[in-house]
Amino acid sequence: MPNVLFSTDTSAETRRLLALAWPVMLTSLNWTILHVTDVIVVGLVGAHEVAALGASRSLTFIAIVTGLAWLSGVLVHAARADGAGDLPRTGQVLREGLVLGLLLGLVVGGIMLAFADAMLAGIGVAPALVAPAGRVVRVMALAYPPQLMIVAASFFLEGVSRPRRVAVVNLSILPLNALLAWAMSGGHLGFAPMGAVGAATATAIASGLGAVGMIAAALSVPRATARGVRRLDLAAWRGVPAGIVALAVFGIVPAIASGLELAGFSILIALSTRFGDDVAHAFQIVFSVHNVTFGLALGLGSACGVRVGNAVGEGDPKAGIARALIATGLSMLALGLCGIVLVVARGPIVAAFPADLATHGVALAMLPLWAPFILFDGAQVVLVYALRSLGDQVVAGANSIIAYFVVTGGAGWWMVHAGVGPMALVYASGLGMVTAALLHAARFWIVRRRLRVD
(Lines give C-alpha, C1' and ligand atoms only; values in the text may rest on other atoms or scores of the structure.)
Protein backbone atom coordinates (compact mmCIF):
# COMPACT_ATOMS: atom_id res chain seq x y z
CA MET A 1 0.00 0.00 0.00
CA PRO A 2 1.40 3.44 -0.89
CA ASN A 3 2.96 5.36 1.94
CA VAL A 4 0.55 8.27 1.47
CA LEU A 5 -2.14 6.17 3.13
CA PHE A 6 -0.08 6.03 6.30
CA SER A 7 1.12 9.65 6.26
CA THR A 8 -1.64 10.45 8.75
CA ASP A 9 -2.32 8.73 12.05
CA THR A 10 -5.35 6.72 10.96
CA SER A 11 -6.94 6.44 14.40
CA ALA A 12 -6.53 10.11 15.20
CA GLU A 13 -7.77 11.16 11.78
CA THR A 14 -10.77 8.84 12.05
CA ARG A 15 -11.70 10.46 15.34
CA ARG A 16 -11.28 13.93 13.83
CA LEU A 17 -13.43 13.04 10.83
CA LEU A 18 -16.16 11.56 13.00
CA ALA A 19 -16.10 14.60 15.30
CA LEU A 20 -16.66 16.83 12.29
CA ALA A 21 -19.11 14.47 10.61
CA TRP A 22 -21.69 13.67 13.26
CA PRO A 23 -23.10 17.20 13.62
CA VAL A 24 -23.39 17.46 9.83
CA MET A 25 -25.08 14.05 9.80
CA LEU A 26 -27.60 15.40 12.29
CA THR A 27 -28.04 18.50 10.15
CA SER A 28 -28.55 16.42 7.01
CA LEU A 29 -30.93 14.13 8.84
CA ASN A 30 -32.74 17.22 10.10
CA TRP A 31 -33.39 18.37 6.53
CA THR A 32 -34.36 14.84 5.55
CA ILE A 33 -36.64 14.41 8.56
CA LEU A 34 -38.21 17.73 7.65
CA HIS A 35 -39.07 16.40 4.19
CA VAL A 36 -40.08 12.97 5.51
CA THR A 37 -42.35 14.70 8.03
CA ASP A 38 -44.00 16.54 5.16
CA VAL A 39 -44.63 13.24 3.36
CA ILE A 40 -46.11 11.73 6.53
CA VAL A 41 -48.40 14.60 7.50
CA VAL A 42 -49.50 15.27 3.93
CA GLY A 43 -50.11 11.53 3.58
CA LEU A 44 -52.74 11.89 6.31
CA VAL A 45 -54.61 14.24 3.97
CA GLY A 46 -54.53 11.95 0.94
CA ALA A 47 -52.41 10.24 -1.72
CA HIS A 48 -53.21 12.92 -4.31
CA GLU A 49 -51.72 15.61 -2.06
CA VAL A 50 -48.56 13.52 -1.55
CA ALA A 51 -48.34 13.04 -5.31
CA ALA A 52 -48.57 16.83 -5.75
CA LEU A 53 -45.89 17.32 -3.09
CA GLY A 54 -43.65 14.76 -4.79
CA ALA A 55 -44.17 16.34 -8.20
CA SER A 56 -43.30 19.78 -6.80
CA ARG A 57 -40.05 18.39 -5.47
CA SER A 58 -39.01 17.46 -8.99
CA LEU A 59 -38.33 21.21 -9.25
CA THR A 60 -37.79 22.44 -5.70
CA PHE A 61 -35.13 19.84 -4.92
CA ILE A 62 -33.23 20.78 -8.06
CA ALA A 63 -33.32 24.45 -7.11
CA ILE A 64 -32.13 24.05 -3.53
CA VAL A 65 -29.45 21.48 -4.36
CA THR A 66 -28.16 23.65 -7.22
CA GLY A 67 -27.91 26.61 -4.87
CA LEU A 68 -26.24 24.48 -2.21
CA ALA A 69 -23.58 23.29 -4.66
CA TRP A 70 -23.06 26.80 -6.00
CA LEU A 71 -22.13 27.82 -2.47
CA SER A 72 -19.72 24.89 -1.99
CA GLY A 73 -16.78 27.26 -2.40
CA VAL A 74 -17.65 28.77 1.00
CA LEU A 75 -16.75 25.51 2.74
CA VAL A 76 -13.64 24.95 0.62
CA HIS A 77 -12.27 28.50 0.94
CA ALA A 78 -13.07 28.74 4.66
CA ALA A 79 -11.39 25.39 5.34
CA ARG A 80 -8.30 26.36 3.34
CA ALA A 81 -8.02 29.71 5.12
CA ASP A 82 -8.53 28.05 8.50
CA GLY A 83 -5.88 25.46 7.68
CA ALA A 84 -3.48 28.24 6.74
CA GLY A 85 -4.24 30.13 9.98
CA ASP A 86 -5.63 33.14 8.05
CA LEU A 87 -8.51 34.02 10.37
CA PRO A 88 -9.46 37.37 8.75
CA ARG A 89 -9.88 35.58 5.44
CA THR A 90 -12.43 33.22 6.99
CA GLY A 91 -14.56 36.19 8.01
CA GLN A 92 -14.33 37.60 4.51
CA VAL A 93 -15.52 34.28 3.09
CA LEU A 94 -18.57 34.47 5.38
CA ARG A 95 -19.52 37.93 4.10
CA GLU A 96 -19.08 36.86 0.50
CA GLY A 97 -21.06 33.68 1.02
CA LEU A 98 -24.03 35.35 2.70
CA VAL A 99 -24.41 37.92 -0.06
CA LEU A 100 -24.03 35.29 -2.77
CA GLY A 101 -26.61 33.09 -1.01
CA LEU A 102 -29.10 35.96 -0.85
CA LEU A 103 -28.61 36.83 -4.54
CA LEU A 104 -28.94 33.21 -5.66
CA GLY A 105 -32.08 32.80 -3.53
CA LEU A 106 -33.72 35.83 -5.08
CA VAL A 107 -32.91 34.73 -8.63
CA VAL A 108 -33.95 31.09 -8.17
CA GLY A 109 -37.07 32.05 -6.24
CA GLY A 110 -38.07 34.52 -8.92
CA ILE A 111 -37.73 31.90 -11.64
CA MET A 112 -39.83 29.43 -9.66
CA LEU A 113 -42.54 32.01 -9.05
CA ALA A 114 -42.77 32.93 -12.71
CA PHE A 115 -42.40 29.58 -14.48
CA ALA A 116 -43.43 26.82 -12.05
CA ASP A 117 -46.27 25.32 -14.11
CA ALA A 118 -44.41 25.48 -17.41
CA MET A 119 -41.33 23.77 -15.96
CA LEU A 120 -43.38 21.03 -14.27
CA ALA A 121 -45.15 20.27 -17.52
CA GLY A 122 -41.86 20.37 -19.38
CA ILE A 123 -40.23 17.65 -17.27
CA GLY A 124 -43.16 15.31 -17.74
CA VAL A 125 -45.31 15.69 -14.60
CA ALA A 126 -48.75 14.20 -15.15
CA PRO A 127 -51.11 16.95 -16.42
CA ALA A 128 -53.53 16.52 -13.52
CA LEU A 129 -50.73 17.29 -11.04
CA VAL A 130 -49.21 20.34 -12.76
CA ALA A 131 -51.54 22.92 -11.19
CA PRO A 132 -51.48 21.59 -7.58
CA ALA A 133 -47.73 21.00 -7.72
CA GLY A 134 -47.22 24.48 -9.18
CA ARG A 135 -48.94 26.02 -6.16
CA VAL A 136 -46.50 24.20 -3.87
CA VAL A 137 -43.51 25.34 -5.93
CA ARG A 138 -44.57 28.99 -5.77
CA VAL A 139 -44.81 28.86 -1.97
CA MET A 140 -41.40 27.17 -1.72
CA ALA A 141 -39.93 29.91 -3.93
CA LEU A 142 -40.36 32.31 -1.02
CA ALA A 143 -38.11 30.09 1.12
CA TYR A 144 -35.10 30.12 -1.19
CA PRO A 145 -33.39 33.39 -0.04
CA PRO A 146 -33.35 32.40 3.65
CA GLN A 147 -32.54 28.76 2.87
CA LEU A 148 -29.47 29.66 0.80
CA MET A 149 -28.29 32.11 3.45
CA ILE A 150 -28.60 29.22 5.92
CA VAL A 151 -26.44 27.13 3.58
CA ALA A 152 -23.77 29.85 3.31
CA ALA A 153 -23.54 30.34 7.08
CA SER A 154 -23.56 26.57 7.61
CA PHE A 155 -20.71 26.02 5.15
CA PHE A 156 -18.69 28.73 6.90
CA LEU A 157 -19.21 27.10 10.29
CA GLU A 158 -18.35 23.66 8.92
CA GLY A 159 -15.28 25.06 7.17
CA VAL A 160 -13.91 26.50 10.42
CA SER A 161 -14.65 23.19 12.19
CA ARG A 162 -17.70 24.40 14.13
CA PRO A 163 -20.40 22.07 12.75
CA ARG A 164 -22.11 21.59 16.12
CA ARG A 165 -23.52 25.09 15.90
CA VAL A 166 -25.11 24.18 12.58
CA ALA A 167 -26.73 21.11 14.10
CA VAL A 168 -28.09 23.04 17.09
CA VAL A 169 -29.78 25.68 14.94
CA ASN A 170 -31.26 23.22 12.47
CA LEU A 171 -32.52 20.85 15.14
CA SER A 172 -34.12 23.73 17.02
CA ILE A 173 -36.42 24.62 14.12
CA LEU A 174 -37.42 21.02 13.33
CA PRO A 175 -40.21 20.73 15.94
CA LEU A 176 -41.74 24.04 14.84
CA ASN A 177 -41.70 22.99 11.20
CA ALA A 178 -43.30 19.62 12.03
CA LEU A 179 -46.03 21.25 14.12
CA LEU A 180 -46.83 23.85 11.47
CA ALA A 181 -46.76 21.29 8.65
CA TRP A 182 -49.24 19.08 10.52
CA ALA A 183 -51.50 21.99 11.43
CA MET A 184 -51.47 23.77 8.09
CA SER A 185 -51.72 20.71 5.84
CA GLY A 186 -54.52 19.02 7.77
CA GLY A 187 -56.44 22.04 9.06
CA HIS A 188 -55.58 21.88 12.76
CA LEU A 189 -55.03 24.56 15.43
CA GLY A 190 -57.39 26.93 13.63
CA PHE A 191 -55.73 26.74 10.20
CA ALA A 192 -57.69 25.97 7.06
CA PRO A 193 -56.67 22.62 5.50
CA MET A 194 -54.13 23.37 2.77
CA GLY A 195 -52.62 19.94 2.03
CA ALA A 196 -49.22 20.07 0.33
CA VAL A 197 -49.33 23.88 0.14
CA GLY A 198 -49.64 23.98 3.92
CA ALA A 199 -46.52 21.85 4.37
CA ALA A 200 -44.62 24.16 1.99
CA THR A 201 -45.79 27.22 3.91
CA ALA A 202 -44.55 25.69 7.14
CA THR A 203 -41.13 25.10 5.57
CA ALA A 204 -40.96 28.71 4.37
CA ILE A 205 -41.71 30.04 7.86
CA ALA A 206 -39.19 27.72 9.50
CA SER A 207 -36.54 28.67 6.93
CA GLY A 208 -36.88 32.36 7.74
CA LEU A 209 -36.40 31.71 11.45
CA GLY A 210 -33.54 29.31 10.72
CA ALA A 211 -31.68 31.93 8.70
CA VAL A 212 -31.76 34.34 11.64
CA GLY A 213 -30.44 31.65 13.98
CA MET A 214 -27.70 30.40 11.66
CA ILE A 215 -26.34 33.87 10.91
CA ALA A 216 -26.32 34.62 14.64
CA ALA A 217 -24.36 31.40 15.22
CA ALA A 218 -21.81 32.42 12.59
CA LEU A 219 -21.42 35.93 13.99
CA SER A 220 -20.81 34.60 17.50
CA VAL A 221 -18.26 31.94 16.52
CA PRO A 222 -15.20 31.68 18.81
CA ARG A 223 -12.45 34.16 17.90
CA ALA A 224 -15.08 36.22 16.11
CA THR A 225 -13.05 39.43 16.51
CA ALA A 226 -9.93 37.89 15.02
CA ARG A 227 -11.98 36.54 12.14
CA GLY A 228 -13.68 39.91 11.64
CA VAL A 229 -17.10 38.33 11.12
CA ARG A 230 -18.94 41.30 12.66
CA ARG A 231 -17.10 44.01 10.77
CA LEU A 232 -19.37 46.59 9.13
CA ASP A 233 -16.74 49.08 7.95
CA LEU A 234 -16.34 49.87 4.28
CA ALA A 235 -12.89 48.28 4.10
CA ALA A 236 -14.30 44.91 5.14
CA TRP A 237 -17.01 45.00 2.49
CA ARG A 238 -15.01 46.59 -0.33
CA GLY A 239 -13.66 43.25 -1.51
CA VAL A 240 -16.98 41.42 -1.27
CA PRO A 241 -18.05 41.88 -4.93
CA ALA A 242 -14.80 40.36 -6.22
CA GLY A 243 -15.08 37.58 -3.65
CA ILE A 244 -18.64 36.82 -4.73
CA VAL A 245 -17.45 36.43 -8.30
CA ALA A 246 -14.67 34.05 -7.20
CA LEU A 247 -17.10 31.94 -5.17
CA ALA A 248 -19.62 31.91 -8.00
CA VAL A 249 -16.99 30.85 -10.53
CA PHE A 250 -15.79 28.06 -8.23
CA GLY A 251 -19.33 26.84 -7.69
CA ILE A 252 -20.78 27.11 -11.17
CA VAL A 253 -19.75 23.63 -12.37
CA PRO A 254 -20.75 21.91 -9.09
CA ALA A 255 -24.06 23.80 -9.32
CA ILE A 256 -24.74 22.69 -12.87
CA ALA A 257 -23.67 19.16 -12.02
CA SER A 258 -25.80 18.98 -8.87
CA GLY A 259 -28.79 20.47 -10.65
CA LEU A 260 -28.53 17.97 -13.49
CA GLU A 261 -27.77 15.19 -11.01
CA LEU A 262 -30.99 15.85 -9.17
CA ALA A 263 -32.75 16.46 -12.46
CA GLY A 264 -32.05 12.82 -13.22
CA PHE A 265 -33.87 11.81 -10.04
CA SER A 266 -36.56 14.41 -10.71
CA ILE A 267 -37.18 12.76 -14.06
CA LEU A 268 -37.81 9.55 -12.11
CA ILE A 269 -40.16 11.38 -9.72
CA ALA A 270 -42.04 12.82 -12.67
CA LEU A 271 -42.16 9.40 -14.37
CA SER A 272 -43.48 7.84 -11.16
CA THR A 273 -46.63 9.97 -11.48
CA ARG A 274 -47.44 8.17 -14.74
CA PHE A 275 -48.00 4.92 -12.82
CA GLY A 276 -50.68 6.49 -10.61
CA ASP A 277 -50.84 7.99 -7.14
CA ASP A 278 -49.94 4.74 -5.33
CA VAL A 279 -46.63 4.30 -7.18
CA ALA A 280 -45.82 8.02 -6.94
CA HIS A 281 -46.45 7.90 -3.18
CA ALA A 282 -44.42 4.68 -2.81
CA PHE A 283 -41.47 6.18 -4.67
CA GLN A 284 -41.61 9.21 -2.36
CA ILE A 285 -41.41 6.84 0.61
CA VAL A 286 -38.38 5.01 -0.80
CA PHE A 287 -36.71 8.28 -1.82
CA SER A 288 -37.31 9.71 1.65
CA VAL A 289 -35.78 6.63 3.29
CA HIS A 290 -32.79 6.89 0.97
CA ASN A 291 -32.31 10.52 1.94
CA VAL A 292 -31.99 9.48 5.59
CA THR A 293 -29.09 7.17 4.76
CA PHE A 294 -27.62 9.73 2.38
CA GLY A 295 -27.44 12.15 5.30
CA LEU A 296 -24.83 9.92 6.94
CA ALA A 297 -22.68 9.97 3.81
CA LEU A 298 -23.14 13.71 3.45
CA GLY A 299 -21.81 14.24 6.97
CA LEU A 300 -18.67 12.27 6.21
CA GLY A 301 -18.40 14.06 2.86
CA SER A 302 -18.47 17.45 4.56
CA ALA A 303 -15.89 16.32 7.14
CA CYS A 304 -13.71 15.01 4.32
CA GLY A 305 -14.00 18.30 2.43
CA VAL A 306 -12.97 20.26 5.52
CA ARG A 307 -9.99 18.05 6.34
CA VAL A 308 -8.78 17.92 2.73
CA GLY A 309 -9.25 21.70 2.50
CA ASN A 310 -7.24 22.11 5.72
CA ALA A 311 -4.46 20.04 4.17
CA VAL A 312 -4.40 22.25 1.07
CA GLY A 313 -4.33 25.37 3.24
CA GLU A 314 -1.48 23.86 5.26
CA GLY A 315 0.46 23.35 2.04
CA ASP A 316 0.32 19.54 2.27
CA PRO A 317 -2.34 18.30 -0.18
CA LYS A 318 -0.88 14.77 -0.07
CA ALA A 319 -2.14 14.48 3.51
CA GLY A 320 -5.59 15.20 2.12
CA ILE A 321 -5.44 12.01 0.06
CA ALA A 322 -5.07 9.85 3.15
CA ARG A 323 -7.85 11.74 4.89
CA ALA A 324 -10.15 11.21 1.91
CA LEU A 325 -9.44 7.48 1.81
CA ILE A 326 -10.29 7.12 5.49
CA ALA A 327 -13.53 9.08 5.03
CA THR A 328 -14.52 6.99 2.01
CA GLY A 329 -14.00 3.77 3.96
CA LEU A 330 -16.07 5.07 6.88
CA SER A 331 -18.87 6.10 4.54
CA MET A 332 -19.01 2.75 2.77
CA LEU A 333 -19.06 0.95 6.12
CA ALA A 334 -21.90 3.13 7.43
CA LEU A 335 -23.99 2.87 4.26
CA GLY A 336 -23.38 -0.88 4.01
CA LEU A 337 -24.82 -1.34 7.49
CA CYS A 338 -27.74 0.90 6.57
CA GLY A 339 -28.44 -1.23 3.51
CA ILE A 340 -28.69 -4.34 5.68
CA VAL A 341 -31.12 -2.56 8.02
CA LEU A 342 -33.29 -1.44 5.09
CA VAL A 343 -33.61 -5.01 3.85
CA VAL A 344 -34.18 -6.66 7.24
CA ALA A 345 -36.49 -4.01 8.71
CA ARG A 346 -38.24 -2.85 5.55
CA GLY A 347 -41.66 -3.75 6.94
CA PRO A 348 -41.61 -1.45 10.00
CA ILE A 349 -39.80 1.26 8.01
CA VAL A 350 -42.45 1.39 5.28
CA ALA A 351 -45.27 1.06 7.83
CA ALA A 352 -44.08 4.30 9.48
CA PHE A 353 -45.42 6.19 6.46
CA PRO A 354 -49.23 6.54 6.45
CA ALA A 355 -50.55 5.10 3.18
CA ASP A 356 -52.96 2.53 1.79
CA LEU A 357 -52.03 -1.13 1.32
CA ALA A 358 -51.32 -0.73 -2.39
CA THR A 359 -48.77 2.04 -1.74
CA HIS A 360 -47.10 0.04 1.03
CA GLY A 361 -46.91 -3.00 -1.24
CA VAL A 362 -45.05 -1.11 -3.96
CA ALA A 363 -42.65 0.48 -1.44
CA LEU A 364 -41.91 -2.92 0.12
CA ALA A 365 -41.02 -4.28 -3.30
CA MET A 366 -38.80 -1.32 -4.18
CA LEU A 367 -36.80 -0.94 -0.95
CA PRO A 368 -34.78 -4.22 -0.96
CA LEU A 369 -33.81 -3.62 -4.60
CA TRP A 370 -32.71 -0.07 -3.77
CA ALA A 371 -30.73 -0.91 -0.61
CA PRO A 372 -27.54 -2.47 -2.10
CA PHE A 373 -26.89 0.55 -4.28
CA ILE A 374 -26.56 3.00 -1.39
CA LEU A 375 -23.11 1.56 -0.67
CA PHE A 376 -21.93 3.17 -3.90
CA ASP A 377 -23.77 6.39 -3.09
CA GLY A 378 -21.84 6.60 0.17
CA ALA A 379 -18.51 6.35 -1.64
CA GLN A 380 -19.29 8.82 -4.41
CA VAL A 381 -20.44 11.69 -2.21
CA VAL A 382 -17.26 11.61 -0.10
CA LEU A 383 -15.07 11.51 -3.21
CA VAL A 384 -16.93 14.52 -4.65
CA TYR A 385 -16.16 16.61 -1.56
CA ALA A 386 -12.52 15.49 -1.66
CA LEU A 387 -12.11 16.38 -5.32
CA ARG A 388 -13.68 19.81 -4.79
CA SER A 389 -11.30 20.62 -1.94
CA LEU A 390 -8.38 19.49 -4.10
CA GLY A 391 -9.51 21.99 -6.76
CA ASP A 392 -10.81 19.35 -9.15
CA GLN A 393 -14.47 20.34 -8.98
CA VAL A 394 -14.87 20.66 -12.77
CA VAL A 395 -14.14 17.01 -13.60
CA ALA A 396 -16.07 15.87 -10.52
CA GLY A 397 -19.03 17.83 -11.83
CA ALA A 398 -18.77 16.29 -15.27
CA ASN A 399 -18.69 12.82 -13.73
CA SER A 400 -21.87 13.53 -11.76
CA ILE A 401 -23.66 14.80 -14.86
CA ILE A 402 -22.80 11.61 -16.73
CA ALA A 403 -23.82 9.35 -13.87
CA TYR A 404 -27.06 10.91 -12.74
CA PHE A 405 -28.45 12.98 -15.58
CA VAL A 406 -27.39 10.84 -18.51
CA VAL A 407 -27.43 7.38 -16.93
CA THR A 408 -30.13 7.71 -14.25
CA GLY A 409 -32.44 10.04 -16.15
CA GLY A 410 -31.84 8.46 -19.52
CA ALA A 411 -32.13 4.87 -18.34
CA GLY A 412 -35.26 5.67 -16.34
CA TRP A 413 -36.94 7.33 -19.30
CA TRP A 414 -36.02 4.47 -21.64
CA MET A 415 -37.01 1.66 -19.27
CA VAL A 416 -40.37 3.21 -18.37
CA HIS A 417 -41.25 3.70 -22.03
CA ALA A 418 -39.96 0.19 -22.79
CA GLY A 419 -42.55 -1.23 -20.41
CA VAL A 420 -40.26 -2.33 -17.56
CA GLY A 421 -42.76 -0.97 -15.04
CA PRO A 422 -42.35 0.82 -11.68
CA MET A 423 -39.15 -1.08 -10.81
CA ALA A 424 -37.46 0.80 -13.66
CA LEU A 425 -37.29 3.73 -11.23
CA VAL A 426 -35.14 1.66 -8.86
CA TYR A 427 -32.92 0.15 -11.54
CA ALA A 428 -32.19 3.57 -13.06
CA SER A 429 -31.33 5.03 -9.64
CA GLY A 430 -28.94 2.18 -8.87
CA LEU A 431 -27.17 2.40 -12.23
CA GLY A 432 -26.47 6.07 -11.59
CA MET A 433 -25.03 5.44 -8.12
CA VAL A 434 -22.68 2.73 -9.39
CA THR A 435 -21.56 4.87 -12.34
CA ALA A 436 -20.87 7.87 -10.10
CA ALA A 437 -18.79 5.84 -7.66
CA LEU A 438 -16.68 4.33 -10.44
CA LEU A 439 -16.09 7.64 -12.25
CA HIS A 440 -15.19 9.58 -9.09
CA ALA A 441 -12.92 6.79 -7.87
CA ALA A 442 -11.08 6.76 -11.20
CA ARG A 443 -10.63 10.54 -11.11
CA PHE A 444 -9.46 10.48 -7.49
CA TRP A 445 -6.86 7.84 -8.44
CA ILE A 446 -5.58 10.13 -11.23
CA VAL A 447 -5.32 13.13 -8.89
CA ARG A 448 -3.58 10.99 -6.30
CA ARG A 449 -0.98 9.86 -8.83
CA ARG A 450 -0.34 13.44 -9.92
CA LEU A 451 0.28 14.53 -6.34
CA ARG A 452 2.73 11.65 -5.86
CA VAL A 453 4.65 12.69 -8.95
CA ASP A 454 4.74 16.33 -7.86
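Not measured: the values here are computed from a predicted model.
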Under 3.5 Å, which donor-acceptor pairs do the side chains of residues 93-108 form with other protein atoms, sequence neighbours left out?
from  : atom 1 : to     : atom 2 : distance (Å)
Arg95 : NE     : Gln92  : OE1    : 3.2
Arg95 : NE     : Ala236 : O      : 3.4
Arg95 : NH1    : Gly228 : O      : 2.5
Arg95 : NH2    : Gln92  : OE1    : 2.7
Glu96 : OE2    : Arg89  : NH1    : 3.2

Using atom types as modelled and distance alone, determine if a side-chain donor or acceptor of [X] lies under 3.5 Å from a backbone N or O of [Y].
X	Y	value
Thr90	Ala81	no
Asp82	Ala78	no
Arg346	Val343	yes
Asn310	Ala79	yes
Arg388	Ala396	no
Trp370	Gly430	no
Arg230	Leu219	yes
Ser331	Thr328	no
Arg307	Arg323	no
Arg80	Ser389	yes

Between [X] and [Y], which heavy-atom pair has the shortest distance, and what is it?
X	Y	value
Val382	Ala297	CG2-O, 4.1 Å
Trp413	Ile267	CE3-CG2, 4.1 Å
Leu375	Leu335	CA-CB, 4.2 Å
Leu75	Gly305	CD2-C, 4.0 Å
Leu113	Ala141	CG-CB, 3.7 Å
Ala55	Ala133	CB-CB, 3.8 Å

I'd like to check [X] versus [Y] (side-chain heavy atoms, cut-off strictly below 4.5 Å). Are they in contact?
X	Y	answer
Leu18	Leu300	yes
Arg138	Met112	no
Leu53	Ser56	yes
Phe250	His77	yes
Thr203	Ser207	yes
Met366	Val289	no
Pro23	Glu158	no
His290	Leu342	no

For the [atom1] atom of [X] and the [atom2] atom of [Y], what is their distance to the nearest 0.5 Å?
X	Y	atom1	atom2	answer
Leu68	Leu148	CG	CG	8.0 Å
Ile64	Met140	CD1	CE	7.0 Å
Ser154	Ile215	OG	CD1	10.0 Å
Thr293	Asp377	OG1	CG	7.0 Å
Leu369	Leu425	CG	CG	11.5 Å
Arg450	Trp445	CZ	CH2	11.0 Å

So Arg223 and Val160, side chain to side chain contact (heavy atoms under 4.5 Å, CB included) or not? Walk me through it.
CA-CA 11 Å; Arg223 305 177 74 182; Val160 298; over 6 Å; no
Determine the interplanar angle of the Tyr404 and Phe265 rings, folded into 0 to 90°, and report it as parallel if under 30°, tilted if 30 to 60°, perpendicular if over 60°.
tilted
Assess the residue pair Asp392 and Ile446 against the criterion (side chain to side chain contact (heavy atoms under 4.5 Å, CB included)); give the C-alpha distance rounded to whole Å, side-chain angles, the decisive distance to 0.1 Å, and a yes or no.
CA-CA 11 Å; Asp392 201 49; Ile446 291 171; over 6 Å; no
In chain order, what residues pass the side chain to side chain donor-acceptor pair (under 3.5 Å) check against Glu261, with sequence neighbours excluded?
none
Check against side chain to side chain contact (heavy atoms under 4.5 Å, CB included), Val308 and Tyr385:
CA-CA 9 Å; Val308 174; Tyr385 272 87; over 6 Å; no
Taking atom CZ of Arg164 as the centre, does the number of heavy atoms from other residues, nucleotides or ligands within less than 6.0 Å exceed 12?
no
Report the C-alpha separation of Gln380 and Leu439 in whole Å, then their side-chain angles, then the decisive distance to 0.1 Å, and conclude whether the side chain to side chain contact (heavy atoms under 4.5 Å, CB included) test is met.
CA-CA 9 Å; Gln380 69 87 19; Leu439 289 176; over 6 Å; no
